[in-house]
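Start at 1 and go down the list; that is how both ligands and their atoms are numbered. No experiment lies behind these values; they were computed from the predicted model shown.
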Amino acid sequence: MSENILLKMNHIRKEFPGVLALKDVSFELKAGEVHALLGENGAGKSTLIKILGGIYSSDAGEIVINGQVATIDKVQDAQTHGISVIHQELVLVPHMTVAENIYLGREPTKRGSRFVDFKKMNRDAKEILDPFNLDFKPTDLVSNLTIAQQQMVEIIKALSFNARILVMDEPTSSLSEKDVDFLFDNIRKLKKANVGIIYISHRMSELMQIADRITVIRDGEYIGTRSSNETNNDELIAMMVGRQLTNYYTRTFGNPQEKVLEVKNLNAGSFLKDISFHLNSGEILGFAGLVGAGRSELMKCIFGIDPITSGEIYVENEMVTIKNPLEATKLGIALVPESRKSEALFPEQSVQYNITIKSLDEFIKGIRVNHSKEGAITREYVEKMDVRTPSFNQLVGKLSGGNQQKVVVGRWLATKPKILIFDEPTRGVDVGAKAEIYSIMNDLVKEGVAIIMISSELPEVINMSDRVVVMSNGRITGCLPREDLTQEKIMHYATQFVFT
Ligand SMILES: Nc1ncnc2c1ncn2[C@@H]1O[C@H](COP(=O)(O)OP(=O)(O)OP(=O)(O)O)[C@@H](O)[C@H]1O
Ligand SMILES: [Mg+2]
């Protein structure tokens, strides 16, 4: 048995200023297995992976690969040892093409010269991409791709190294079911080829489906390892949070009241066509669809980020033209965007700055900032969202991925909106924090706030929504009332128009 152990990480310790991220964590990976790492936001998963990938060095402990102690001080060392990592934060270069990103640092050169052979590079990239049936080209700029497409590029890039150890830190956080299935097919092929895979995800159902073993860490400590067919969700969650957690979905349904938002025959760009729907106060309106269906694009139009070509928008029965997000905010609309890194966060600024930036009006009197109020708002939303941070002054870029997401959600809640648009609100947050976000949404609709929730996790849409609008290919293909919400029905509408 022991001969097929690919990797051992023994007694790893890592301290950041003010944070002991890993205390004494050990982890083992066999050839041909998918070994999941599970833990709450901030538990230390990404830190462990960054140590393996040569991004951080550990303070203590050793890494053993194929029975030999390995020194991994930089990213190239990891690659030399056959380790390929997909990091949680996408690290593609936006102004480069897909092919340039895939071959970054190992570009093919023209024979006898140091010039990059772009023709060959694009050809090679096409060869790698072709089997995946993707809707973008090697020559497309990464900045023009959706988050899900970028995630696919990361995955394919990692696969292209022919690694023996493949690490995926939340590879599916913005993928829809179809893409996840596709990824899992590829993972199963890699398993057959004896590659060892470390897999991090907060989607429990996924872990149960793909993982052979699951190791849980909590607050930087090793808690235990289970084989996935001998454990269950409840046991794993109890290991993660250190207690039993019941009722993750706490939605209570009331009576949605008057119309607060109505969109009539909206067209935008060349993609969004003839969109009509309405939203009531006191309801959660789910938006389902495959990735690329146009849901985020639509919300950006409503929020004034992108222009519309024709159509009408009514807020509380008054026709409005929303030219920019500031106007949207003044009308009581808030948008928590999908991509926290590029659209939302100021990583080099403090937790306090990031939380209060949109509600500044509330406490700026003249030009003097009311610091005590600023602190009070920060405290309220750090507590409400359970943001794990050593202080309000911590730079947001240093929080764990899930805690960054909680900061963005807190910021928009602090504006006390009437209409709240959530684009994948629970992406990357752990089960406990998910329950927090659901219960906050529940409280908000009870107070009469109207919520739009885009989500690619069907159980989440079904459990949380009063009604669900389904989009496909830039159009609305269905609107389902609560009693009709099933995965099959949603998928039926989500796959219409796909081949037009
Ligand atoms: N560069 C850094 N500087 C300071 N603290 C850091 C840094 N990177 C991580 N930390 C802290 O180390 C702890 C572990 O973070 P890590 O990113 O490993 O968590 P995680 O398990 O990946 O969480 P998530 O599920 O939210 O992604 C957190 O408290 C985090 O704030
Ligand atoms: Mg992480």
Is the shortest distance from a Lys or Arg side-chain nitrogen in Glu40 or Arg218 to a carboxylate oxygen in the other one below 4.0 Å? no
Contact summary for Asp466 and Glu283, nearest pair of heavy atoms: OD1-CA, 3.3 Å
Below 3.5 Å, N or O to N or O, backbone or side chain included: is there any such pair between Val19 and ligand 1? no
Just distances here: any N/O of Leu399 and N/O of ligand 1 closer than 3.5 Å? no
Contact with ligand 1 for Glu40, non-hydrogen, under 4.0 angstrom: yes
Just checking, is any N or O donor in the side chain of Ser400 or Asn403 under 3.5 Å from an acceptor N or O on the other one? yes
Is a donor from one side chain sitting under 3.5 angstrom from an acceptor on the other, for Thr389 and Gln394? no
So for Thr47 against ligand 1, with non-hydrogen atoms under 4.0 Å, the contacting part is both
Is the Lys NZ or Arg CZ of Lys14 less than 6.0 Å from the centre of Tyr56's six-membered ring, within 45° of the axis? yes
Between Gly42 and ligand 1, does any nitrogen or oxygen pair lie at a separation below 3.5 Å? yes
If you measure from CG on Asp219 to NZ on Lys23, what distance do you get to the nearest 0.5 Å? 5.5 Å
Give yes or no for whether the N/O distance cutoff of 3.5 Å, strictly under, is met between Phe16 and ligand 1. no
If only side-chain N and O atoms count, and only distance matters, is there a donor-acceptor pair under 3.5 Å linking Ser201 with Glu206? yes
Among protein heavy atoms, which lies nearest atom 12 (O) of ligand 1, and at what distance? Ala21 CB, 3.4 Å
Has Ser400 got an N/O/S atom less than 2.8 Å from the Mg ion (ligand 2)? no
So for ligand 1, is Glu170 a polar contact partner (N or O within less than 3.5 Å, distance only)? no
If you measure from each heavy atom of Gly44 to ligand 1, is any distance below 4.0 Å? yes
Using heavy atoms and a 4.0 Å limit, tell me yes or no: is His202 in contact with ligand 1? yes
Establish, from distance only, whether the side-chain atoms of Glu424 and Ser456 form a donor-acceptor pair under 3.5 Å. yes
Arg388-ligand 1 polar pair, N/O distance under 3.5 Å: no
Please determine whether a side-chain nitrogen of the Lys or Arg among Glu230 and Arg213 lies less than 4.0 Å from a carboxylate oxygen of the Asp or Glu. no
What's the shortest distance from atom 17 (O) of ligand 1 to any protein heavy atom, and which residue and atom give it? Ser400 CB, 3.4 Å
If you draw the axis of the six-membered ring of Phe161, does the NZ or CZ of Arg106 fall within 45° of it and under 6.0 Å from the ring centre? yes
For ligand 1, which is the ligand I care about here, please tell me if Gln394 has any N or O atom under 3.5 Å from one of the ligand's N or O atoms. no
Checking Ile156 against Leu134 for the side chain to side chain contact (heavy atoms under 4.5 Å, CB included) test, could you report, in this order, the C-alpha distance in whole Å, the side-chain angles of both residues, the deciding distance, and whether it holds? CA-CA 11 Å; Ile156 292 164; Leu134 299 158; 3.4 Å; yes
Just which atoms of ligand 1 are under 4.0 Å from any heavy atom in Gly402? 24 (P), 26 (O), 27 (O)
Just to confirm my output: which protein heavy-atom neighbour is closest to atom 31 (O) of ligand 1, and how far is it? Lys398 O, 3.2 Å
Starting from atom 1 (N) of ligand 1, which protein heavy atom do you reach first, and at what distance in Å? Tyr56 OH, 3.1 Å
